[in-house]
Amino acid sequence: MLNRINEILKDRLGLHLLEYEIPEHANTVKYSLGGMTASSFSILVISGIILAQFYVPDPERANQSIHYLSDQVFLGWYLRGIHFWAAEVLTVTMALHMIRVFFTASYKNPREVNWWVGIALFFMMINLLFTGTVIKWDQEAYEALAHFLWVVKKFGILGAPLTEDFAQGVPLLSRIYMAHISLLPLITVLILGLHLYFVKYHKLSPLPEKPDGGGKQIKFTQHMAYLRRSGAGVFTLICLLALFISPPLGEKPVLGMEVTKPPWQFVWIYALENLWVPSLIVAPFLIGIGLFLVPILDRGKEIHWKNRPVAMAVLGFTVFLFGALIIWGKVTTMTHSM
Amino acid sequence: MKQSRTRFIFVVCSWFLLGVYPAMAHVGHDEPAPVSSTSDHMDHKMEGDHDDHSMEEMVQPEAENIYAIGGEGTDDFDSLSDPISGDDIFASDSAVPEIAMPSSSPKSHEASGASDEHAGHKMPEIELAEHEFNSTSKKGFGVAMGITLLAGLAFGLLVSKKPGE
């Protein structure tokens with residue numbers, strides 16, 4: 001019976017086109033981190049659509065609407081928790097995915113463009129994370145936005161569209177909300193589509209131990225089944241976290257105060273800012289340039305990590321540096337002000 | 001002919017009187033609630049006891065009519081009738097809801113609890129938001145637990161059976 005249904009669907013939906021062959025190592029955790037990131041993103045979109053029904057994008061009532069959702073709406077706290085923890089899981093899986101791609105030299109010829117598309121996707125996720133932090137409009141959100149405006153104003157006319165003066169009479173919070181729920185997700189989905197297209201076009205990168213390819217092949221539908229399993233695991237983890245641990249939510253901000261630290265994803269820049277305030281601008285710029293230059297600077301044919309000591313040293317140093325800055329940012333006290 | 005026309009008119013009038021009119025009779029019998037600033041209410045709350053950690057208590061008075069412009073006493077029908085602020089933000093005379101952003105020049109901010117150079121000026125206390133463990137008394141906790149268990153069961157099934165792999 002099930003087979004018959006399967007056949008009917010295949011004939012009508014063209015599902016047989018998904019039965020092309022891919023390397024067997026696609027069905028490993030290492031090579032499914034991108035898929036897990038996409039699963040988390042899907043959960044974010046679905047939970048975000050429901051959350052948007054309860055949010056009031058007005059500075060006077062934004063924070064209150066989230067408190068109302070969390071305290072009064074049936075399962076509202078759970079829904080918000082799912083959204084928050086999906087973002088946390090996405091950050092982790094995305095970082096691991098980038099590390100894996102670098103480790104296995106999957107950015108090398110002919111996949112350089114897909115690396116750059118991936119970097120664009122990374123920055124879109126950062127933007128979504130930032131705008132999502134701001135729209136809850138508590139003290140942490142306000143200070144995040146204040147830092148952002150400080151940076152943007154340094155760019156003069158280039159940064160003008162992102163300031164409150166660009167559209168006077170329209171609260172900046174409303175514009176950030178618009179970006180978070182429509183503009184940024186739309187661009188992200190388009191870039192994600194391009195990213196997946198290039199993965200399909202260039203095929204999955206080979207294992208470093210077998211640079212010429214070869215090895216056992218499986219059907220792509222089998223990989224989809226694996227992704228379905230890993231996606232279910234990701235969803236279960238997010239539900240568990242949402243069930244037991246609530247995301248932080250403060251009260252309406254006190255304007256002009258600077259007392260909070262950013263979320264852990266941004267606290268490394270807080271630590272740098274403590275040393276030198278302009279690092280707010282310099283650090284992201286340097287990171288972007290560095291990531292862009294990776295496939296240009298490393299054009300050797302070697303893909304095994306043992307034969308790439310410099311690349312491995314750079315990777316190790318970067319991971320260590322970010323980890324240390326995050327820990328330092330979490331424990332240090334503020335020694336400056338905006 | 002005349003008799004059937006009369007019957008027709010009688011039927012139409014009966015329908016109008018028995019069906020439509022009772023439905024229309026419920027329109028407009030509630031006055032809209034008076035406008036009050038929810039931000040003032042929240043500010044008043046913030047000046048109170050900050051040791052009380054329960055955000056639920058701070059929100060509760062507003063919970064019934066989160067979308068209403070007015071305060072107490074509005075029913076659900078009226079609270080949803082005007083879900084946006086009554087202020088026309090594009091009108092030149094109305095108060096524009098602006099976010100007062102700090103200027104880019106450095107200010108002498110001090111963290112909560114530090115000493116203040118302006119004698120007698122009370123620094124507002126800001127309670128930093130932290131992660132908390134969810135209480136089982138949260139609305140729908142049982143259902144949430146059920147959803148989580150179902151998700152776990154589905155994952156377990158996929159791990160054990162590996163369908164399609």
Side-chain angles (χ1 to χ4, degrees), chain A residues 27 56 58-61 64-65 67-68 70-78 81 138-140 145-146 149-150 153 164 168-173 221-222 224-226 228-229 232-233 235-236 239-240 242-252 254-260 333-334 337-338, chain B residues 37-39 42-43 45-46 55-56 58-60 62-64 66-67 83-85 89-90 96-102 104 106-112 123-124 126-134 138-141 143-145 147-148 150-152 154-159 162-165:
Chain A
N27 276 10
V56 181
D58 178 82
E60 289 300 315
R61 286 185 283 177
Q64 189 186 0
S65 69
H67 277 287
Y68 176 78
S70 298
D71 300 332
Q72 300 300 324
V73 175
F74 185 75
L75 289 178
W77 57 275
Y78 189 58
D138 58 3
Q139 191 67 32
E140 178 187 80
L145 185 58
L149 288 174
W150 182 88
K153 283 173 182 173
E164 64 269 29
Q168 297 199 13
V170 179
L172 187 57
L173 183 68
T221 46
Q222 287 174 274
M224 283 175 67
Y226 183 87
R228 182 180 59 202
R229 174 157 60 101
F235 182 63
T236 304
C239 286
L240 263 171
L243 183 68
F244 292 115
I245 307 172
S246 70
L249 177 64
E251 301 299 324
K252 267 175 63 176
V254 176
L255 306 186
M257 294 292 290
E258 191 177 347
V259 296
T260 65
T333 51
M334 198 185 318
S337 59
M338 289 299 301
Chain B
S37 167
T38 55
S39 63
M42 289 301 293
D43 288 341
K45 284 280 184 186
M46 284 182 73
M55 292 180 194
E56 295 85 356
M58 289 179 73
V59 175
Q60 213 138 13
E62 300 297 315
E64 298 299 325
I66 181 72
Y67 297 111
I84 59 172
S85 168
I89 59 170
F90 296 107
V96 172
E98 288 181 352
I99 304 168
M101 286 293 158
S104 47
K107 285 185 181 160
S108 57
H109 302 302
E110 287 161 2
S112 174
M123 292 286 282
I126 300 168
E127 194 173 330
L128 299 179
E130 300 285 344
H131 287 285
E132 292 171 6
F133 284 108
N134 286 322
K138 290 245 184 195
K139 289 192 176 186
F141 189 87
V143 175
M145 184 170 277
I147 294 170
T148 308
L150 268 173
F155 176 55
L157 202 68
L158 289 171
V159 166
K162 292 190 175 65
E165 291 182 49

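Bear in mind that the values here come from a model prediction, so they are computed numbers and not experimental data. Lettering of chains follows the sequences in order, A, B, ..., and the numbering in each one begins at 1.
- At distances below 3.5 Å, at least one donor-acceptor pair connects side-chain atoms of Ser246(A) with backbone N or O atoms of Glu132(B).
- Contact detail for Ala232(A) and Phe155(B): the closest heavy-atom pair is C-CD1, 3.9 Å.
- Note that the CG atom of Leu75(A) and the CD1 atom of Ile147(B) stand 5.5 Å from one another [nearest 0.5 Å].
- To the nearest 0.5 angstrom, Leu128(B) atom CG is 9.5 Å from Glu140(A) atom CD.
- Taken to the nearest 0.5 Å, the CG atom of Asn134(B) stands 8.5 Å off from the CD1 atom of Ile245(A).
- The NZ atom of Lys138(B) sits 11.0 Å away from the CG atom of Leu243(A) when rounded to the nearest 0.5 Å.
- For Tyr78(A), the part lying near chain B is the side chain, with the backbone staying farther off; criterion is any non-hydrogen pair under 4.5 Å.
- Only the side chain of Gln139(A) has a heavy atom closer than 4.5 Å to any heavy atom of chain B.
- Residues passing the ring-ring contact (aromatic ring centres under 6.0 Å, His included) test with Phe141(B), sequence neighbours excluded: Trp77(A).
- How far CG of Leu158(B) is from OH of Tyr226(A): 12.5 Å, rounded to the nearest 0.5 Å.
- Arg228(A) places no side-chain N or O within donor-acceptor distance of the main-chain N or O of Gly164(B), the cut-off being under 3.5 Å.
- Heavy-atom distances place the backbone of Thr221(A), and not its side chain, under 4.5 Å from chain B.
- Here Arg229(A) pairs with Glu165(B) under the salt bridge (charged side-chain N to carboxylate O under 4.0 Å, His left out) rule; sequence neighbours left out.
- Here the NE2 atom belonging to His131(B) is positioned 11.5 Å from the CG atom belonging to Leu249(A), to the nearest 0.5 angstrom.
- Judged by distance alone, with hydrogens and angles left aside, the side-chain atoms of Asp138(A) form no donor-acceptor pair with the main-chain N or O of Ala129(B) at under 3.5 Å.
- Side-chain N or O atoms of Lys139(B) include one that pairs as donor or acceptor with a backbone N or O of Gln72(A) at under 3.5 Å.
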